Amino acid sequence: MDVLTALEQSGFSIWVRESGSLLAFPGILLLHTYGMAVLVGIVAVVDLRILGFAPALPFAPLEKFLPMLWVAFWVNAATGTMLLVADATTKLRNPDFFVKMACIALAVVAQRMIQRRVFGGPEAAAGPFPAQAKMLAVMSLVCWLGAILAGRLLAYVGPVSGL
Amino acid sequence: MIKLLSNSAHVHVLLNHVPTVGFGLALALFVVGLLRRHDGLTRTALAIFFIVANIAIATYVSGNGAEAILQGRPDVSAAAVRAHEDAALFAFTFMEITGFFSWLALWQWRRVARLPAWNIPLVLTLSILTFALMANAANLGGEIRHEEIRSVPAASAADDATPGIAKSLGLFVSGESWVWPACEAIHFVGLCLLFSVVLIVDLRMLGMIKSVSFAAVFQLLPLGMLGFGLNLITGMMFFIGNPAQYIHNATFFWKILFVLLGGFNVLYFTMDDEPWRVGTGDEAPMTAKVAAASAMFIWAAVLFCGHMLPFLGNAF
């Protein structure tokens, strides 16, 4: 029995898939959705603000939302891992899953660069933002959009187990 | 009360006069407000347009429940139901567009002293058109059960099988394999936009970024409304695509109820002077804090109900 099958047959995975408890699959997925809403919600406001939307909204104070963004990210990393092990053999054979992971990896890189260069740069207080900052904002928006799309399509394309 | 409201036919009969009577009243107020240049009346009318458009969501979805209850009864003509449903979908679409632009006009009222020239004539045109379409839909709805006002004879059984516009759209949503997943993906993007604004505006009111004035975060509201708009469109696609999985679903009933509350909540932040006076560094007043906390609860509950449709309810 290989590692993936072992993970999928673990007591935890079986509980997630088959217990019927609202705390199992429905609850974990609910947390994953709340996490997405908070994470991508904050990202969207930061990115759109960099791109020139809501110009009278001061940019620098948005930094206070960054810890919340990362809490949401780690909640989703945790809940995402739980959902993955419960369906490991199917998800890890689905190319769409790797599209999602690639989108998230690039989005995280963009987020780190936005935090270092844009929040840490002189424009954070006064603006306007240089073209490079706007490129990062577009990259971040496109990657998160791709992650949402690929995530949703996991239920439809490639091998699908119904989870 | 809940038991009473769980009968969609009953709810539909309770709600079906709101879009016509409420909208007619608002239209009259709006015209008088414009003619007499009375801003208070005009703003009240815009707010009623928005509220009626919001209630119309519940009216529309309860109509499908009523249809399911009446289906197959010998005294109910399927053709009459279909004509009403198609007219209602058309009127509903225009009503939601009117509601959106009415809200936008209220939002712009805050931003600038004078409104851009195009918005008020647009709302006026849309509202007159919507009122005519809604009156037609209501009249066709009345003909389903009130034989005394029936203008056309009940159609023959032969043409009863042809689907109307609403049912054809439903077949498109449920029949084309890409439509449902595409709508779901957009529904998720929409909820992120809505949540972004809810978080930032409401956490400001609760004291998180006090250095930012309410007027500054107020600029974000159309982004949230855009997210809501995307979700209303895609949500209606789901509903029309498969009404049966929603109309007998208590979780869906709660979801629509929370959406209604959310409409009143956003109206408070759009119109009331109290949050508007919260400047740089100011602590928000208690009412604004309660409204902000309610907004976060309401939209979290909308997401909860939507997510739980298959698990607590019977969808999918």
Side-chain angles (χ1 to χ4, degrees), chain A residues 20-49 51-69 72 96 100 125 141 144-157 160 162, chain B residues 111 177-204 207-224 226-227 234 251 280-281 296 299-313 316:
Chain A
S21 163
L22 283 178
L23 294 176
F25 181 73
I28 297 169
L29 192 60
L30 176 68
L31 277 180
H32 202 66
T33 314
Y34 279 129
M36 174 198 74
V38 172
L39 166 62
V40 183
I42 296 170
V43 162
V45 168
V46 169
D47 291 346
L48 290 172
R49 177 62 188 77
L51 293 171
F53 181 83
L57 177 69
F59 181 75
L62 293 177
E63 196 164 15
K64 292 211 177 124
F65 286 96
L66 297 179
M68 197 188 287
L69 181 160
D96 183 46
K100 177 174 175 177
L141 282 176
W144 284 118
L145 207 61
I148 293 176
L149 192 65
R152 186 57 291 199
L153 291 184
L154 274 175
Y156 298 98
V157 301
V160 171
Chain B
R111 296 285 306 137
S177 61
W178 59 272
V179 179
W180 197 285
C183 287
E184 279 186 338
I186 297 171
H187 208 69
F188 277 36
V189 173
L191 86 84
C192 288
L193 291 179
L194 180 58
F195 262 71
S196 71
V197 177
V198 167
L199 273 178
I200 292 186
V201 174
D202 296 319
L203 288 176
R204 161 61 188 98
M208 189 161 158
I209 41 168
K210 268 194 195 163
S211 65
V212 178
S213 67
F214 177 75
V217 290
F218 186 77
Q219 284 183 98
L220 294 173
L221 291 188
L223 188 66
L226 174 71
T234 48
T251 315
T280 305
M296 295 179 71
W299 294 110
V302 169
L303 193 157
F304 178 84
C305 293
H307 177 78
M308 287 298 176
L309 281 170
F311 306 114
L312 290 175
F316 309 102

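Keep in mind that what you see is a predicted model, and the values were worked out from it rather than measured.
Contact of A/L30 with chain B is made through backbone and side chain together, with heavy-atom distances under 4.5 Å. With a threshold of 4.5 angstrom between heavy atoms, B/L193 approaches chain A through side-chain atoms but not through N, CA, C or O.
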Please table the atom pairs, donor to acceptor, closer than 3.5 Å between any side-chain atom in residues 38-49 of chain A and protein atoms at least two apart or in another chain.
residue : atom : partner : partner atom : Å
A/D47   : OD2  : A/S140  : OG           : 2.5
A/R49   : NE   : A/A54   : O            : 3.4
A/R49   : NE   : A/L57   : O            : 2.6
A/R49   : NH2  : A/P55   : O            : 3.2
A/R49   : NH2  : A/L57   : O            : 3.2

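Taking the side chain as every heavy atom from C-beta outward, A/F53 and B/L220 approach each other to under 4.5 Å. B/V189 has its side chain out of reach of A/L149: every pair of non-hydrogen atoms, C-beta onward, lies at least 4.5 Å apart. Contact of the A/Y156 side chain with the B/E184 side chain is registered, since non-hydrogen atoms from C-beta on lie closer than 4.5 Å. Residues A/M68 and B/L203 form a side-chain contact, since some pair of their non-hydrogen atoms from C-beta on lies under 4.5 Å apart.
Heavy-atom pairs under 4.5 Å with chain A were tallied for B/I200, B/L191, B/V212, B/V217; the largest tally goes to B/I200. Note: B/L223 leads B/L312, B/I186, B/L223 in heavy-atom pairs under 4.5 Å with chain A.
Rounded to the nearest 0.5 Å, atoms CG (A/L29) and CE (B/M308) are 9.0 Å apart. Of the inter-residue distances, the one linking B/M208 atom CE with A/F65 atom CZ reads 4.5 Å to the nearest 0.5 angstrom.
Put simply, the side chain of B/H307 never gets that close to the backbone of A/T33: no donor and acceptor are under 3.5 Å apart.
Closest non-hydrogen pair, B/A185 versus A/R152, comes out as N-CG, 3.8 Å. The nearest pair of heavy atoms linking B/I209 to A/P61 is CG2-O, 3.4 Å. Taking each heavy atom of A/Y34 and B/A300 in turn, the nearest pair found is OH-O, 2.6 Å. A pairwise comparison of heavy atoms in B/F311 and A/L22 identifies CB-CD2, 3.9 Å as the closest pair. Of all heavy-atom pairs between B/A216 and A/A56, the closest is CB-O, 3.8 Å.
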